[in-house]
Amino acid sequence: VSQSRYHEEATKFYLGQPIGGERPGRSNVVMTDVQDTVDWILPNLVKVFTGEKAAVTFLPRAENEVEQAKIETEYCNWILNTKNPSFILINNWLQDGLVYRNGYVKVCYRNYDDQRIERYTGVLPEAMAMLQSDPEFNIVQAVPDATGIAFDVVGERIQRNGRIVIENIPPENVFVSKDYRKVGLDGCAFVGHFEYKTAGDLIADGFPADVVYDLPTSNELTRNEDTVDDIRNKDIWGSNNYIGRTFTDESSAHIVTGK
């Protein structure tokens with residue numbers, strides 16, 4: 001059984017959906033043993049990582065490393081519990097492992113732009129020149145004040161920031177080298193995953209617009225009906241063809257990307 005087909009079947013078993021082979025006049029009851037078992041085990045597993053103890057602990061190897069190990073432990077747990085939704089991440093990760101046999105979490109550093117409007121009054125020519133040369137400040141409006149010498153300035157400041165992001169990856173979106181046989185992924189020759197992004201998202205990430213709009217959209221690619229992604233989102237969209245719907249805005253078209 002291929003992994004994609006296994007994921008589809010596992011999702012149907014978990015949701016208690018018909019699995020095929022139903023006959024007219026016969027019982028169509030589908031047992032929810034898979035869901036009942038997973039939901040019974042899951043809370044106890046989540047407690048292991050979200051209880052009073054730290055999810056990760058660094059141990060010192062020498063006496064002079066005690067303080068450093070304490071700082072590293074506090075920082076990593078702060079990143080997990082404060083800067084990211086740790087409970088949801090751990091719950092989804094363990095649930096994927098129980099239902100699909102594999103659960104994946106990705107940790108990466110993601111850049112983002114922090115934008116804010118700034119207003120200045122009585123800006124003299126020297127200060128005005130400094131604002132104009134500031135690469136992070138874009139002057140939106142500059143009006144001379146009553147003195148005729150200074151300016152009242154309105155501008156947008158864009159600061160490039162970033163943070164550590166932890167996110168779940170659906171197991172059906174992950175590719176692993178078919179020749180790899182170990183449980184852990186350390187040493188695996190190839191590990192990757194794909195995701196759906198809009199054309200607007202790719203352009204915002206820095207890809208040229210002319211290149212992005214030449215890429216095939218996801219509805220132009222061959223997709224099997226009733227994939228795991230469809231099953232998971234069926235209740236949201238009400239049908240299985242939500243990715244193939246027509247877009248009037250090119251920036252909203254879905255494109256498959258890989259990492």
Side-chain angles (χ1 to χ4, degrees), residues 1-11 13-14 34 37-38 41-42 44-51 53-62 64-66 68-112 162-197 201-202 205-207 215 218 221-224 227-229 232 255-259:
V1 180
S2 66
Q3 285 298 310
S4 60
R5 187 59 188 169
Y6 172 81
H7 291 153
E8 294 172 25
E9 293 179 351
T11 301
F13 280 128
Y14 178 78
V34 173
T37 303
V38 169
I41 296 174
L42 189 59
N44 291 324
L45 291 178
V46 172
K47 285 182 182 179
V48 174
F49 297 94
T50 60
K53 295 183 179 180
V56 58
T57 303
F58 289 84
L59 299 177
R61 295 183 177 180
N64 60 352
E65 295 179 354
V66 173
Q68 181 64 27
K70 180 181 178 182
I71 293 173
E72 292 172 354
T73 297
E74 292 177 351
Y75 177 74
C76 288
N77 283 278
W78 177 76
I79 289 292
L80 174 63
N81 298 316
T82 304
K83 305 301 288 185
N84 290 277
S86 59
F87 180 84
I88 296 175
L89 288 167
I90 293 171
N91 182 85
N92 292 345
W93 167 52
L94 294 173
Q95 188 177 49
D96 283 343
L98 292 171
V99 178
Y100 304 114
R101 302 186 297 192
N102 292 289
Y104 297 95
V105 175
K106 181 175 76 171
V107 181
C108 61
Y109 189 86
R110 186 162 295 161
N111 294 314
Y112 64 92
R163 68 183 184 90
I164 297 175
V165 176
I166 308 174
E167 57 189 10
N168 297 107
I169 301 177
E172 66 272 16
N173 290 5
V174 177
F175 296 100
V176 179
S177 174
K178 64 179 181 180
D179 298 324
Y180 195 69
R181 296 292 182 266
K182 297 181 181 179
V183 176
L185 296 178
D186 292 339
C188 182
F190 172 79
V191 179
H193 72 91
F194 71 87
E195 58 187 5
Y196 293 97
K197 281 193 171 185
D201 290 336
L202 292 177
D205 288 340
F207 293 94
L215 296 173
S218 60
L221 301 175
T222 302
R223 297 180 76 239
N224 295 326
T227 61
V228 177
D229 196 45
R232 283 180 168 176
I255 296 172
V256 181
T257 62
K259 294 185 179 179

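The shown structure was predicted, so the numbers you read here are calculated from the model rather than taken from an experiment.
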> When the ring planes of Phe49 and Trp93 are compared, do they come out parallel, tilted or perpendicular, using 30° and 60° as the limits?
Replying inline: perpendicular
> In Å, rounded to the nearest 0.5 Å, how long is the span from OH of Tyr100 to CD of Glu8?
Replying inline: 10.0 Å
>> Would Leu80 and Val56 count as a side-chain contact (heavy atoms from CB on, under 4.5 Å) here? Give the steps.
In response: CA-CA 9 Å; Leu80 174 63; Val56 58; 5.9 Å; no
> How long is the span from the CG atom in Asn84 to the CD1 atom in Ile90, to the nearest 0.5 Å?
Replying inline: 10.5 Å
> Looking at residues at least two apart in the chain, or sitting in another chain, which of them share a side chain to side chain donor-acceptor pair (under 3.5 Å) with Tyr14?
Replying inline: Asp39, Gln95
> Considering residues at least two apart in sequence or located in another chain, which fulfil the ring-ring contact (aromatic ring centres under 6.0 Å, His included) criterion with Phe13?
Replying inline: none
>> For Leu42 and Leu94: C-alpha separation, side-chain torsions, deciding distance, then whether side-chain contact (heavy atoms from CB on, under 4.5 Å) applies.
In response: CA-CA 7 Å; Leu42 189 59; Leu94 294 173; 3.6 Å; yes
> Which pair of non-hydrogen atoms, one from Ala69 and one from Leu59, has the smallest distance, and what is that distance?
Replying inline: CB-C, 4.2 Å
> What is the distance from atom CG of Leu45 to atom CG of Asn91, rounded to the nearest 0.5 Å?
Replying inline: 10.0 Å
>> Using every non-hydrogen atom in the two residues, find where Ala10 and Val99 come nearest and quote the distance to one decimal.
In response: CB-O, 3.5 Å
>> Measuring from atom NZ of Lys53 to atom NZ of Lys47, what distance do you get when rounded to the nearest 0.5 angstrom?
In response: 14.5 Å
>> Please determine whether side-chain contact (heavy atoms from CB on, under 4.5 Å) holds for the pair Tyr75 and Ile164, giving the CA-CA distance in whole Å, both sets of side-chain angles, and the decisive distance to 0.1 Å.
In response: CA-CA 12 Å; Tyr75 177 74; Ile164 297 175; 3.9 Å; yes
>> Walk me through whether Ile79 and Val107 qualify under side-chain contact (heavy atoms from CB on, under 4.5 Å).
In response: CA-CA 11 Å; Ile79 289 292; Val107 181; over 6 Å; no
> Relative to the ring of Tyr196, is the ring of Phe194 parallel (under 30°), tilted (30 to 60°) or perpendicular (over 60°)?
Replying inline: perpendicular
> How far does CZ of Phe58 sit from CD of Glu74, to the nearest 0.5 angstrom?
Replying inline: 12.0 Å
> How far apart are the closest heavy atoms of Asp96 and Gly103, and which atoms are they?
Replying inline: CB-CA, 3.9 Å
> Would one find more than 12 heavy atoms of other residues, nucleotides or ligands at under 6.0 Å from atom CZ of Phe87?
Replying inline: no
>> Salt bridge or not between Arg110 and Glu167? Use side-chain N to carboxylate O under 4.0 Å.
In response: yes
> Out of Asn81, Asn77, Thr50, which one pairs with Ser86 under the side-chain hydrogen bond (donor to acceptor under 3.5 Å, both in side chains) rule?
Replying inline: Asn81
> Just wondering, more than 12 heavy atoms not from Asp186 lying within 6.0 Å of its CG?
Replying inline: no
> Rounded to the nearest 0.5 Å, how far does CG of Asn168 lie from CG of Asn92?
Replying inline: 4.5 Å
